[in-house]
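Worth knowing before you read on, the calculation uses all heavy atoms, side chains too, and leaves out hydrogens, waters and symmetry mates. Note that the structure is a prediction, hence the values are computed from the model and not measured.
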Amino acid sequence: MEGLPLAQTEGLFRQIGRISWFDMRVFTTAFVILALIAFFAVAWYARPRLQERVPNSLANVIIVSLVIVFLLLAATTLAFTWEVINSGISLVTDFGVDYDTAVRVGSTAVVLASSYIVAGVIRQGIQRVVRGRDAFSKHQTQVMVRVAQVCVYVVGFTAVLSLWEVDITGLLVGAGFLGIVVGMAARQTLGSLLAGFMLMFARPFEIGDWVIIEEEEGIVTDISIVNTRIQTFDGEYVMIPNDIVGGSTIINRSRKGRLRLEVDVGVDYEADVERAAAVAKEVMREPDDVLAVPSPQVVTKELGDSAVVLGLRFWIDKPSARRKWRAKTTVINAVKEAFDREGIKIPYPQRELSGRAETGGFRVAEERERTREFGATTDGGATDGGTTDDGPTDGHMNDGGPESDDGGENE
């Protein structure tokens, strides 16, 4: 060896010559195992730092590729050391591996690795785009990622089949027939799936919104591909299929971040309507739950049967059922107290009855007088022209009869 004295070089070769061939195998095996342990430790330590510089999928592919290459080198070294194989020619001869097969295997590995990298890059890209945006929920982000990854893997799988010269025409025909059968058997579920994708991109509501769908009103707690879950204000959970949601009228009370409420109150016809409206408008500015902008408004809605109806309109922010009822209760109580204080009457329902002039109007008082004048019969009726206790009468005494006081035999 260059740089070592001749005597030292000859002593080193003599020591190596005294080592048996079995000892060299054990030494080489131990060295390879230690090298593998050290490599795995370095890979485990370097992986997080590599992921900070490149996409996670690319970092995983690099680490896995290095591990596979290092394992192959270690396995080849051990195989040659323990005389499992003698040369590369014997490996190809024994296992029947030709050049074309090796190229296909390598190309397949490259295609699969590329598909994995592209899918990972797409996932990180979608997450980076939707991060910090309230328009996309976590579930919607996951659905978009899964759909994109499935598309990438389908393309990669098709490319692998083309590399191995597999005719995919039969597979496509079979998949078409299978799709028809599945579509006929589960058309409602597929309709819900399609409606779920449409809702995901249309976004008529988000989780936490206060909505009215069909006859159900409540807070949206979950949106899946198949159905939408709503928690009603009675504490009940309602599952609505997305195909019904997509075909129904949806009222979103939370979309603008504020909601206008209206309370009707009636004032007496004798009251000053403008003054009552001014008092109500001033009172509605006091509660904390009522927004100052837009300002509360009072409109005259109609002339009711018993009162002039005023509409008290006001706004609340961050709409919820609790805030709605709390604001309504506060406004109603405040307006009631203010009207009582100002002497503005809120009338009870009233009815005005009158008799028709052509029929003489009501005659209740006249009938009472006649009843008192003639007395009442045993059945509660009047004696005028009716039946008395002594028999029938026409309302006057008999004249000329045998029992008459004027013209009888007892004259």
Side-chain angles (χ1 to χ4, degrees), residues 55-57 116 119-154 178-179 181-261 289 291 315-329:
N56 294 341
S57 57
Y116 177 75
V121 171
I122 291 176
R123 178 176 61 84
Q124 287 189 335
I126 293 176
Q127 291 177 348
R128 188 178 296 110
V129 169
V130 303
R131 186 179 300 147
R133 298 187 179 182
D134 298 334
F136 296 93
S137 64
K138 183 178 180 181
H139 176 75
Q140 292 173 341
T141 303
Q142 292 177 350
V143 170
M144 289 189 290
V145 169
R146 294 292 181 268
V147 171
Q149 289 180 338
V150 167
C151 293
V152 172
Y153 288 138
V154 168
L178 180 63
V181 173
V182 172
M184 294 293 293
R187 57 183 179 275
Q188 185 173 1
T189 303
L190 292 177
S192 297
L193 289 173
L194 295 177
F197 281 106
M198 294 181 62
L199 290 175
M200 183 181 65
F201 290 105
R203 300 191 305 278
F205 50 79
E206 305 291 339
I207 294 178
D209 284 355
W210 175 9
V211 298
I212 301 176
I213 303 175
E214 289 287 327
E215 298 179 355
E216 304 296 337
E217 180 177 4
I219 305 299
V220 179
T221 59
D222 187 30
I223 306 172
S224 66
I225 293 297
V226 180
N227 49 50
T228 298
R229 178 181 294 180
I230 294 178
Q231 183 180 6
T232 66
F233 299 130
D234 295 331
E236 300 174 340
Y237 283 92
V238 180
M239 305 286 289
I240 305 177
N242 284 336
D243 55 343
I244 297 179
V245 176
S248 303
T249 300
I250 301 173
I251 301 176
N252 192 333
R253 294 178 176 246
S254 304
R255 175 53 64 94
K256 297 184 66 174
R258 61 187 183 185
L259 177 66
R260 195 192 75 175
L261 303 177
D289 294 328
L291 291 177
W315 294 79
I316 61 173
D317 62 344
K318 299 178 181 178
S320 66
R322 179 178 300 176
R323 295 178 66 88
K324 169 189 173 181
W325 292 114
R326 186 171 60 190
K328 274 195 169 186
T329 301

On a heavy-atom basis, which atom in [X] and which in [Y] lie closest, and how many Å separate them?
X: S224; Y: N242; answer: O-ND2, 2.9 Å
X: A327; Y: D289; answer: CB-CB, 4.0 Å
X: I230; Y: T221; answer: N-OG1, 4.3 Å
X: A148; Y: I126; answer: CB-CD1, 4.3 Å
X: E206; Y: V220; answer: O-CB, 3.6 Å

Pair E216-T232, side-chain contact (heavy atoms from CB on, under 4.5 Å): steps then yes or no = CA-CA 7 Å; E216 304 296 337; T232 66; 4.1 Å; yes

Between atom [atom1] of [X] and atom [atom2] of [Y], what is the distance when rounded to the nearest 0.5 Å?
X: L291; Y: I316; atom1: CG; atom2: CD1; answer: 8.0 Å
X: Q124; Y: N56; atom1: CD; atom2: CG; answer: 4.0 Å
X: Y237; Y: Q231; atom1: OH; atom2: CD; answer: 4.0 Å
X: L259; Y: K318; atom1: CG; atom2: NZ; answer: 15.0 Å
X: Q127; Y: R123; atom1: CD; atom2: CZ; answer: 5.0 Å

message = Could you check whether any side-chain heavy atom of I122 comes within less than 4.5 Å of a side-chain heavy atom of V145, counting everything from C-beta outward?
response =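 They are not in side-chain contact.
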
Please tabulate, one pair per line, all N/O donor-acceptor pairs under 3.5 Å involving side-chain atoms of residues 244-253, not counting sequence neighbours.
{"unit_1": "S248", "atom_1": "OG", "unit_2": "E214", "atom_2": "OE2", "d": "2.6"}
{"unit_1": "S248", "atom_1": "OG", "unit_2": "I244", "atom_2": "O", "d": "2.5"}
{"unit_1": "N252", "atom_1": "OD1", "unit_2": "S254", "atom_2": "N", "d": "2.9"}
{"unit_1": "N252", "atom_1": "OD1", "unit_2": "R255", "atom_2": "N", "d": "3.2"}
{"unit_1": "N252", "atom_1": "ND2", "unit_2": "P204", "atom_2": "O", "d": "3.0"}
{"unit_1": "N252", "atom_1": "ND2", "unit_2": "D209", "atom_2": "OD2", "d": "3.1"}

inquiry  = Applying salt bridge (charged side-chain N to carboxylate O under 4.0 Å, His left out), can you list everything that pairs with R323, at least two apart in sequence or on another chain?
reply    =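 R323 satisfies salt bridge (charged side-chain N to carboxylate O under 4.0 Å, His left out) with D317 once adjacent residues are dropped.
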
ask   = Looking at residues at least two apart in the chain, or sitting in another chain, which of them share a ring-ring contact (aromatic ring centres under 6.0 Å, His included) with F233?
value =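 ring-ring contact (aromatic ring centres under 6.0 Å, His included) check on F233 returns W210.
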
